[in-house]
Participant: 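Here it is, the structure, as structure tokens.
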Protein chains: 2
Amino acid sequence: MKFSTKDRYALRLMVELANRGPEETLSLKSVSDSQGISQKYLEQIVTPLSRAGLVSSSRGSQGGYRLTRPASGITAGDILRAIEGDLVPIPCLASQAEVCPRRSQCHTIGFWDGLRQVIDQYVDGITLEQLCSMKAEDLPLPDLE
Amino acid sequence: MKFSTKDRYALRLMVELANRGPEETLSLKSVSDSQGISQKYLEQIVTPLSRAGLVSSSRGSQGGYRLTRPASGITAGDILRAIEGDLVPIPCLASQAEVCPRRSQCHTIGFWDGLRQVIDQYVDGITLEQLCSMKAEDLPLPDLE
DNA sequence: CCCTTTCCTGCAATTTCGGTTGGAATGCTG
DNA sequence: CAGCATTCCAACCGAAATTGCAGGAAAGGG
């Protein structure tokens, strides 16, 4: 149960974009330099973010990417779902999953669906704006202990 | 971000064992028959559960596995951690991870650690006993919405 | 002694991960 | 218009993990 590097890099990429505001474009080259991620790999990561409508692009010299809306209107869930597709812990729960033949007597599907809900609730409750203001020191957490 | 089949099968295996109580032993052969999982694969799954002290075994004819303690004293988290080792969403948060060089200026580590806590809290809050009494129909959830 | 079962090791096919490579299209700028 | 920076597109690729299966050895009950 791990999130991929694409998930992690996507968050870091979006934080960089958010730091520039939605007007200024930022090239992958500069993100590559500041974050230490190869430009070519970033291309793969930004593509689904673009298709999901979270960022827009301009080509050519002085081109780059920018947020399509303020960072306060984008959640971590938006970003992760753009990369992962469905954010489900097991294939059974995917939106286009075939119906499991032992579904009716399954004792664990409820557990997994509960986990999905807990994860959804968490990632949708944290905005890109909040991410930007987080430092490593102050560990986060809405209101858990 | 998916949990492996071993994680899922481990839960189902443990539910089967719990249904027999901690006295009666149950062979992998019978679990294989009722759950439709190959006996050989189950062997791989039960081994870490045994090493983690969640089940004990007896060899030979009439042998099998049984819980080492009541199902009310075993959580889903216990089972998943036995299979997965650390239950962390990204390698950075593993207990024996090397320190990330960009840790101090990282804006996302807090997010991931929060996710880890949310997951931990959920899986540790559901006991094997609760799993046994779950049906597919009644979706779970302690008190979320 | 035979049968059942756990235990242990090794192998193998497939998929996923984590990228790299190569180039085409587009648009600014001198 | 030439050149350069950038996004876009599509393959490819090695390594690792996933998802098992096979073949036994060891132990215990009947």
Participant: Could you go through the side chain to side chain contact (heavy atoms under 4.5 Å, CB included) check for A:Glu84 and B:Met1 one step at a time?
Facilitator: CA-CA 8 Å; A:Glu84 290 247 342; B:Met1 200 286 295; 3.6 Å; yes
Participant: NZ of A:Lys40 versus P of D:dC8: gap in Å, rounded?
Facilitator: 12 Å
Participant: Give a yes/no answer on whether the side chain of B:Ser38 brings an N or O atom under 4.0 Å of OP1 or OP2 in D:dC21.
Facilitator: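 Affirmative; the distance criterion is met.
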Participant: Please state whether the phosphate of D:dT18, meaning OP1 or OP2, lies under 4.0 angstrom from any side-chain nitrogen or oxygen of B:Tyr41.
Facilitator: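 No, outside the criterion.
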Participant: Quick one: is D:dT6 close enough that its OP1 or OP2 comes under 4.0 Å of any side-chain N or O from A:Tyr65?
Facilitator: no
Participant: So if I take every side-chain heavy atom of B:Gln44 and compare against D:dC21, C:dT6, C:dG22, which nucleotide ends up nearest?
Facilitator: D:dC21
Participant: 5'-most contact on DNA chain C: A:Arg59 or B:Ser27, nearest heavy atom basis?
Facilitator: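 Closer to the 5' end of DNA chain C: B:Ser27.
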Participant: NA contact type, A:Thr47, heavy-atom cut-off 4.0 Å: base, sugar-phosphate, or nothing?
Facilitator: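 Counting heavy atoms under 4.0 Å across all strands, no contact is made by A:Thr47.
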Participant: Fit a plane to each ring of A:Trp112 and B:Phe3, take the angle between them on a 0 to 90° scale, and name the class: parallel (under 30°), tilted (30 to 60°) or perpendicular (over 60°).
Facilitator: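 Tilted: the ring planes of A:Trp112 and B:Phe3 meet at 30° to 60°.
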Participant: Any ion pair linking A:Arg81 and A:Asp124 (charged N to carboxylate O, less than 4.0 Å)?
Facilitator: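 Salt bridge present between A:Asp124 and A:Arg81.
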Participant: Taking 4.0 Å as the cut-off, does a side-chain nitrogen or oxygen of A:Thr5 come that near to OP1 or OP2 on C:dG18?
Facilitator: yes
Participant: Describe the nucleic acid contact of B:Ser58 in one word from base, sugar-phosphate, nothing, applying a heavy-atom distance below 4.0 Å.
Facilitator: sugar-phosphate
Participant: Any carboxylate oxygen within less than 4.0 angstrom of a Lys/Arg side-chain nitrogen, looking at A:Lys2 and B:Asp86?
Facilitator: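 Looking at A:Lys2 and B:Asp86, the cut-off is not met.
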Participant: Just checking A:Phe3: base, sugar-phosphate only, or nothing, at a heavy-atom cut-off of under 4.0 Å?
Facilitator: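 A:Phe3: no heavy atom of the nucleic acid under 4.0 Å.
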